[in-house]
2 protein chains.
Amino acid sequence: MRSTPAEDATTRSRIRGAAITLFARDGFVATSVRSIAEEAGVSAGLVIHHFGSKEKLRAECDAWIVAELMKNKGGVDEGNLSASMQVMLSDLDQYRPTLDYLGRMLLDGSEAGDRLLDDLVKLTETMLEEGVANGVMQSTSDPYMRAVLVTLHGVMPIVLQRQFARMLGEPGLTSTMIRRMTLPSLELYTHGLYRDATMLDAAREALKGNE
Amino acid sequence: MRSTPAEDATTRSRIRGAAITLFARDGFVATSVRSIAEEAGVSAGLVIHHFGSKEKLRAECDAWIVAELMKNKGGVDEGNLSASMQVMLSDLDQYRPTLDYLGRMLLDGSEAGDRLLDDLVKLTETMLEEGVANGVMQSTSDPYMRAVLVTLHGVMPIVLQRQFARMLGEPGLTSTMIRRMTLPSLELYTHGLYRDATMLDAAREALKGNE
DNA sequence: CAGTATACTAAACACTCGTTCAATCGAGAG
DNA sequence: CTCTCGATTGAACGAGTGTTTAGTATACTG
């Protein structure tokens, strides 16, 4: 007997979990209510009974995932999520469904996914600003654009995880993948790719021309 | 009167074009044969009559897009496509459907998309190797992984174009976007993000530990 | 000219979809 | 005990799906 009436009991949360798994794996449109029901071991009618509609179920999954992403904050800042991401990537097995679902949210362009990504960019932007102020990071001609790029580069392994994993011969998002990409990523972020500014200067000239 | 019987006449190619547009915009599962037919101004039955099934139509769209991507080769190498990409990004209005569809292919994990990405990575890898040999690019501890990263960073604006465009206030893949991301990208690839190797060295130590 | 193959449409088919509904089960309240 | 109410199911509904089929028009072939 819980305090609130329609609490997260066993069945309701099991349905939500099944939905998250299938939405993440197959996408929203390709997932049927009946398949969710089967995965959760209940009837299709019960899914609707609990959540009203497939769309509302999706909204609740979105909300649940966002909450999950915000949960593991570092304790230092407020509802931080870049620290949360760190935690999740180091404890992959537990958070894989959450991360898979996050990838879908960013692609489908759902309202929740959009806001989440905006937050991530904002967080990255301040982090980069502080880095520049502290003298540990390079400055840039376009701080916002750089923040967008760094953020999207960061979520890329989650969004493109199928391709990423396939090319590395891994079954999905594994810690082996994360570990292997760490050094090359940091090499790029430390030394860059080009050894001189030839390409950069050329682009600067070209852009000065047709602007 | 064409030489071959079932040649790319007007109707057939119009259906294919409509399919490419809708598959790219809404995805394969969310696109109905009837909506393709309507977009092409024909009946649903005719779509099947010409292509056999929705799945075969998809395969033909995939093949057509791959051919289109390979078409604009620089003339120097063989069936090159990194040069092709350059051409397309500079003539966006014409190739937007092709690029949109490419983004879908990479996400859906279709066979054609997988091979295309593999080719892109291979091309990138040789390009990076030559860059290192010529002394214009930095060396790396993991050439293949770096090639994968650089490639995926490259296709990211196409794959995540919806988010990318939204955050820049653009309606879609525009030349304004491409132009604005050019400098920050090259800055990252030239100077990197960090001004010293503190993070990189720390990662090296950490990885040496738990390997 | 007749004959035939092809482009094309409208209707129907079999199926799946999300959702609704009536009925049943089980536990807590009085 | 009865009564009630939420959980749960299975069947049904209407809409939409990909595909099939019968039929018509059109254009090339002999």
Side-chain angles (χ1 to χ4, degrees), chain A residues 1-64 101 104-105 108 110-111, chain B residues 1-64 101 104-105 108 110-111:
Chain A
M1 220 185 296
R2 261 47 163 231
S3 49
T4 49
E7 188 66 12
D8 259 1
T10 47
T11 304
R12 207 184 137 89
S13 62
R14 205 170 62 249
I15 295 175
R16 195 201 321 105
I20 288 176
T21 303
L22 296 187
F23 285 161
R25 195 187 64 190
D26 304 327
F28 180 74
V29 277
T31 301
S32 70
V33 172
R34 283 174 177 82
S35 70
I36 296 172
E38 189 186 12
E39 175 89 6
V42 297
S43 71
L46 189 61
V47 175
I48 300 295
H49 169 73
H50 274 300
F51 295 91
S53 71
K54 187 186 175 187
E55 193 60 48
K56 286 180 188 166
L57 169 57
R58 180 223 190 104
E60 191 145 326
C61 290
D62 282 6
W64 192 88
Y101 194 94
R104 280 285 173 191
M105 280 178 70
D108 293 354
S110 76
E111 189 57 42
Chain B
M1 221 184 297
R2 262 37 165 239
S3 50
T4 49
E7 186 66 12
D8 258 2
T10 47
T11 304
R12 207 184 136 87
S13 62
R14 206 170 62 249
I15 295 175
R16 195 201 320 106
I20 288 176
T21 303
L22 296 186
F23 286 161
R25 195 188 63 190
D26 304 327
F28 180 74
V29 277
T31 301
S32 70
V33 173
R34 283 172 179 81
S35 70
I36 296 173
E38 190 185 13
E39 175 88 7
V42 297
S43 71
L46 189 61
V47 175
I48 301 295
H49 169 71
H50 274 300
F51 295 91
S53 71
K54 186 187 176 187
E55 190 60 49
K56 286 180 188 165
L57 170 56
R58 180 224 190 103
E60 191 145 327
C61 289
D62 283 7
W64 192 88
Y101 193 95
R104 281 284 173 192
M105 279 177 70
D108 292 354
S110 77
E111 188 56 42

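Fair warning: this is a prediction, and the values are worked out from it, not measured in the lab.
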* So, is the end of the B/Arg58 side chain (NZ or CZ) under 6.0 Å from the ring centre of B/Phe28 and within 45° of the ring's axis? -> yes
* Asked: Distance under 6.0 Å and angle within 45° of the ring axis: does B/Arg25 meet both against B/Tyr101?
  -> no
* Would you mind telling me which residue lines up with the more 5' stretch of DNA chain C, B/Val42 or A/Glu55, judged by nearest nucleotide? => B/Val42
* Structure fact -> Heavy atoms of A/Glu39 and A/Ala18 approach each other most closely as CG-CB, 3.4 Å
* Which of residues 21-36 of chain A sit near DNA chain D, with a heavy atom under 4.0 Å from it? -> A/Arg34
* Asked: Nearest of C/dA7, D/dT8, D/dT19 to any side-chain atom of A/His49?
  -> D/dT8
* Candidates C/dC8, D/dT19, D/dT8 - which lies nearest the side chain of B/Leu46 -> C/dC8
* Looking only at atom types and distance, does a side-chain atom of B/Arg34 sit under 3.5 Å from a main-chain N or O of B/Ala44, one as donor and one as acceptor? -> no
* With DNA chain C as reference, determine whether B/His50 or A/Lys54 sits nearer its 5' end, using the nearest nucleotide of each. => B/His50
* Structure fact -> note: B/Ile15, atom CD1; D/dT19, atom P; distance rounded to Å ~ 14 Å
* To do: For C/dA7, take OP1 and OP2 only and decide whether either is under 4.0 Å from a side-chain N or O of B/Thr11.
  => no
* To do: Round to a whole Å and report the spacing from CD of A/Glu38 to P of C/dC17.
  => 11 Å
* Give the C-alpha distance, both sets of side-chain angles, the deciding distance and a yes or no for side chain to side chain contact (heavy atoms under 4.5 Å, CB included) between B/Glu60 and B/His50. => CA-CA 11 Å; B/Glu60 191 145 327; B/His50 274 300; over 6 Å; no
* To do: For A/Arg14 and D/dA7, give me the distance from atom CZ to atom P, rounded to whole Å.
  => 13 Å
* Would you kindly check if the NZ (Lys) or CZ (Arg) of A/Arg16 is within the cone defined by 45 degrees around the ring axis of A/Phe51 and under 6.0 Å from the six-membered ring centre? => no
* Asked: Please give, in whole Å, the distance from C/dC17 C1' to A/Ile48 CD1?
  -> 11 Å
